[in-house]
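To start, the structure itself, in structure tokens.
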Amino acid sequence: MTSLTRARLADDLRTLGLRPGDDVLVHSSLRGLGHVEGGASSVVDALLDAVGPGGTVLFPTITATAEHGPAHPPRVVLAATPGWTGAIPEAARVRPDSVRSVHPTHSVVALGARARELTDGHASSATPCDASSPYGRLADRGGRVLLLGGVTHSSSTSLHGVEERAAVPHHLQDEPTDGVVVLPDGTEVVVRGRLHQWGWDRDFERVADPLRAAGVQLDGRVGAGAAILVEARGYVDVLVPLLLTDPTYLLAEHERTRA
């Protein structure tokens with residue numbers, strides 16, 4: 001089996017369209033890339049190489065579960081609680097120069113030039129992925145979303161941000177929850193907001209065609225896996241109008257009748 005080096009991955013990322021100075025949120029599968037020399041940490045390095053010292057690489061470090069809500073508020077120790085988003089985000093999270101946003105369910109970890117700028121203020125978000133969250137800031141500041149290692153739009157948390165901007169009725173719990181985030185210095189921060197309502201099947205794959213038609217999605221390969229690079233603002237500009245016309249647009253077909 002041929003191993004993928006950090007340099008080869010960085011070259012593939014540039015060929016896909018990642019540019020120096022980009023701010024990019026990465027959803028990823030390490031296994032889907034093939035065998036990488038140095039594992040997940042090498043992938044993080046390759047991403048930083050591709051965006052250069054003027055860019056920023058972000059990863060979702062999500063800790064949300066279906067049980068979270070007013071009766072079972074989430075509690076996250078920012079420096080210790082891993083997300084369930086995979087080996088590559090975890091490799092980024094444990095780096096000493098990483099910055100993790102303060103949120104009890106949908107935190108983001110960032111490395112690079114605008115790491116703090118993009119992650120600050122998440123505790124004030126009224127919903128996990130709203131316009132003031134890292135997901136929303138990335139879109140409003142010209143960032144991009146990278147789906148790496150065969151990962152598809154079905155894993156793109158930014159689509160929940162689109163649902164929140166469009167205020168679709170099935171997406172959020174009715175009552176707010178007081179989640180707790182423990183900062184690295186031991187301070188406990190209460191983050192009050194409406195969490196996601198689980199139990200609705202989505203068909204996020206259907207967004208690919210309209211995104212391609214609008215010219216905001218690039219398709220290619222990185223390592224052994226398919227890769228997709230999307231303008232984060234394109235998610236908003238293309239999909240919010242569709243959701244305002246049809247709030248069930250991102251639901252699976254069998255879910256639309258009960259929405």
**Study point:** Donor-acceptor pair, side chain of Glu164 and main chain of Cys129, under 3.5 angstrom
**Key:** yes
**Study point:** Residues Glu255 and Thr248: side-chain donor-acceptor under 3.5 angstrom
**Key:** no
Check your understanding: Does a salt bridge link Asp219 with Arg212, judged by any charged N lying under 4.0 Å from a carboxylate O?
Key -> yes
Practice item. Kindly indicate whether the side chain of Val44, heavy atoms from C-beta on, has any atom under 4.5 Å from the side chain of Arg95. Key: yes
Check your understanding: Can you tell me if Arg100 and His122 form a side-chain donor-acceptor pair at under 3.5 Å?
Key -> no
Review point. Would a 4.5 Å heavy-atom cut-off, applied to side chains only, mark Leu30 and Val43 as touching?
Key: yes
Check your understanding: Do Ile228 and Leu218 come within less than 4.5 Å of each other through their side chains, counting heavy atoms only?
Key -> no
Point to revise | Close side-chain approach of Leu159 and His153, heavy atoms under 4.5 Å | key: yes
Check your understanding: Passes ring pair (Phe, Tyr, Trp, His ring centres under 6.0 Å), Tyr235 versus His160? Steps please.
Key -> CA-CA 10 Å; Tyr235 272 143; His160 290 310; over 10 Å; no
Practice item. Measure the CG-CG distance between Leu146 and Leu58 for me, rounded to the nearest 0.5 Å. Key: 11.5 Å
**Study point:** Cluster check Val230, Leu250: I/L/V/M/F/W/Y, side chain < 4.5 angstrom
**Key:** yes
Review point. Between atom CG of Leu33 and atom CG of Leu148, what is the distance when rounded to the nearest 0.5 Å?
Key: 4.5 Å
Practice item. For salt bridge (Lys or Arg N to Asp or Glu O under 4.0 Å), just list the numbers for Arg6 and Asp49, CA-CA rounded to whole Å, side-chain angles, deciding distance to a tenth of an Å, and then say yes or no. Key: CA-CA 9 Å; Arg6 167 180 170 177; Asp49 291 343; 2.7 Å; yes
Check your understanding: Between Phe204 and Leu243, is there a shared hydrophobic cluster once you connect ILVMFWY residues whose side-chain heavy atoms come closer than 4.5 Å?
Key -> yes
Practice item. State, yes or no, whether a side-chain contact exists between Leu172 and Thr127 at a heavy-atom distance under 4.5 Å. Key: yes
Exercise for review: May I ask you to decide if the ring planes of Trp200 and His170 are parallel, tilted or perpendicular, using 30° and 60° as cut-offs?
Suggested key: tilted
Check your understanding: Can we say Arg141 and Glu117 salt-bridge, meaning some charged N sits less than 4.0 Å from an Asp/Glu carboxylate O?
Key -> yes
**Study point:** Exam field: side chain Tyr135 to backbone Pro60, donor-acceptor pair closer than 3.5 Å
**Key:** no
**Study point:** Any donor-acceptor pair under 3.5 Å from Thr119 side chain to Ala115 backbone
**Key:** yes
Exercise for review: Show your reasoning for whether side-chain contact (heavy atoms from CB on, under 4.5 Å) applies to Leu239 and Val207.
Suggested key: CA-CA 8 Å; Leu239 300 174; Val207 307; 3.9 Å; yes
Check your understanding: Is any side-chain heavy atom of Leu25 closer than 4.5 Å to a side-chain heavy atom of Arg144?
Key -> no
Review point. When Val57 is tested against each of Asp23, Leu18, Val26, Asp22 for side chain to side chain contact (heavy atoms under 4.5 Å, CB included), which residue passes?
Key: Val26
Practice item. Go through the steps for His196 and His68 under the test ring pair (Phe, Tyr, Trp, His ring centres under 6.0 Å), then give the verdict. Key: CA-CA 9 Å; His196 289 178; His68 287 151; over 10 Å; no
Practice item. Drop me the distance from Ser42's OG to Leu47's CG, to the nearest 0.5 angstrom. Key: 11.0 Å
Review point. Should Leu78 and Val182 be marked as a side-chain contact (heavy atoms from CB on, under 4.5 Å) after you check the CA-CA gap, both sets of side-chain angles, and the distance that decides it?
Key: CA-CA 6 Å; Leu78 212 61; Val182 182; over 6 Å; no
Check your understanding: So, Asp203 side chain and Leu251 main chain: donor-acceptor pair closer than 3.5 Å or not?
Key -> no
Review point. Which atom names give the shortest non-hydrogen contact between Ala139 and Val236, and what distance separates them?
Key: CB-CG2, 4.1 Å
Review point. Does any N or O in the side chain of Thr56 come within less than 3.5 Å of the main-chain N or O of Gly112, such that one atom is a donor and the other an acceptor?
Key: no
Practice item. Check whether the side chains of Thr15 and Arg221 place a donor and an acceptor atom closer than 3.5 Å, and report yes or no. Key: no
Study note, to complete from the structure: Partner of Leu244 under side chain to side chain contact (heavy atoms under 4.5 Å, CB included), picked from Asp246, Val240, Leu242, is Val240
Review point. Using a distance-only test with no angle check, is there a side-chain donor-acceptor pair under 3.5 angstrom linking Thr81 and Thr63?
Key: no
Point to revise | Sidechain N-carboxylate O distance under 4.0 Å for Asp120, Arg114 | key: no
Exercise for review: Please confirm whether the backbone N or O of Ser132 pairs with a side-chain atom of Arg137, one donor and one acceptor, at under 3.5 Å?
Suggested key: yes
**Study point:** Spacing of Arg165 atom CZ and Glu163 atom CD [to the nearest 0.5 Å]
**Key:** 13.0 Å
Exercise for review: Run the numbers on Glu37 and Leu4 for side-chain contact (heavy atoms from CB on, under 4.5 Å), then give the verdict.
Suggested key: CA-CA 6 Å; Glu37 290 182 9; Leu4 296 165; over 6 Å; no
Exercise for review: Taking atom types as modelled, find out whether His27 and Ser155 have a side-chain donor-acceptor pair closer than 3.5 angstrom.
Suggested key: no
**Study point:** Basic-acidic side-chain contact under 4.0 Å: Glu188, Arg75
**Key:** yes
Review point. Hey, does the side chain of Ser98 reach the backbone of Val94 with a donor-acceptor pair shorter than 3.5 angstrom?
Key: no
Practice item. Using modelled atom types only, decide if a donor and an acceptor are shared between the side chain of Gln217 and the backbone of Leu229 within a distance under 3.5 Å. Key: no
Practice item. Output yes when Asp11 and Arg8 qualify as a salt bridge under the 4.0 Å nitrogen-oxygen rule, no when they do not. Key: no
Practice item. Using modelled atom types only, decide if a donor and an acceptor are shared between the side chain of Trp84 and the backbone of Ala64 within a distance under 3.5 Å. Key: yes
Review point. How far apart are the C-alpha atoms of Asp140 and Arg233, what are their side-chain angles, what is the distance that settles it, and do they pass the salt bridge (Lys or Arg N to Asp or Glu O under 4.0 Å) test?
Key: CA-CA 6 Å; Asp140 292 340; Arg233 185 69 206 182; 2.4 Å; yes
Point to revise | Hphob cluster co-occupancy, Leu147 + Val108, side-chain heavy atoms under 4.5 angstrom | key: yes
Review point. Looking just at side-chain N and O atoms, do Ser107 and Ser101 make a donor-acceptor pair shorter than 3.5 Å?
Key: no
Check your understanding: Are any non-hydrogen side-chain atoms of Phe59 and Thr85 less than 4.5 angstrom apart?
Key -> no
Exercise for review: Using the rule that two of Ile, Leu, Val, Met, Phe, Trp, Tyr join whenever any of their side-chain heavy atoms come within less than 4.5 Å, decide whether Ile62 and Val76 are in one cluster.
Suggested key: no
Point to revise | Heavy-atom check, side chain of Asp178 versus side chain of Val191, under 4.5 Å | key: no
Exercise for review: Please report the C-alpha distance between His103 and Ser133 in whole Å, then the side-chain angles of each, then the deciding distance to 0.1 Å, and finally whether the side-chain contact (heavy atoms from CB on, under 4.5 Å) criterion is met.
Suggested key: CA-CA 9 Å; His103 198 271; Ser133 74; over 6 Å; no
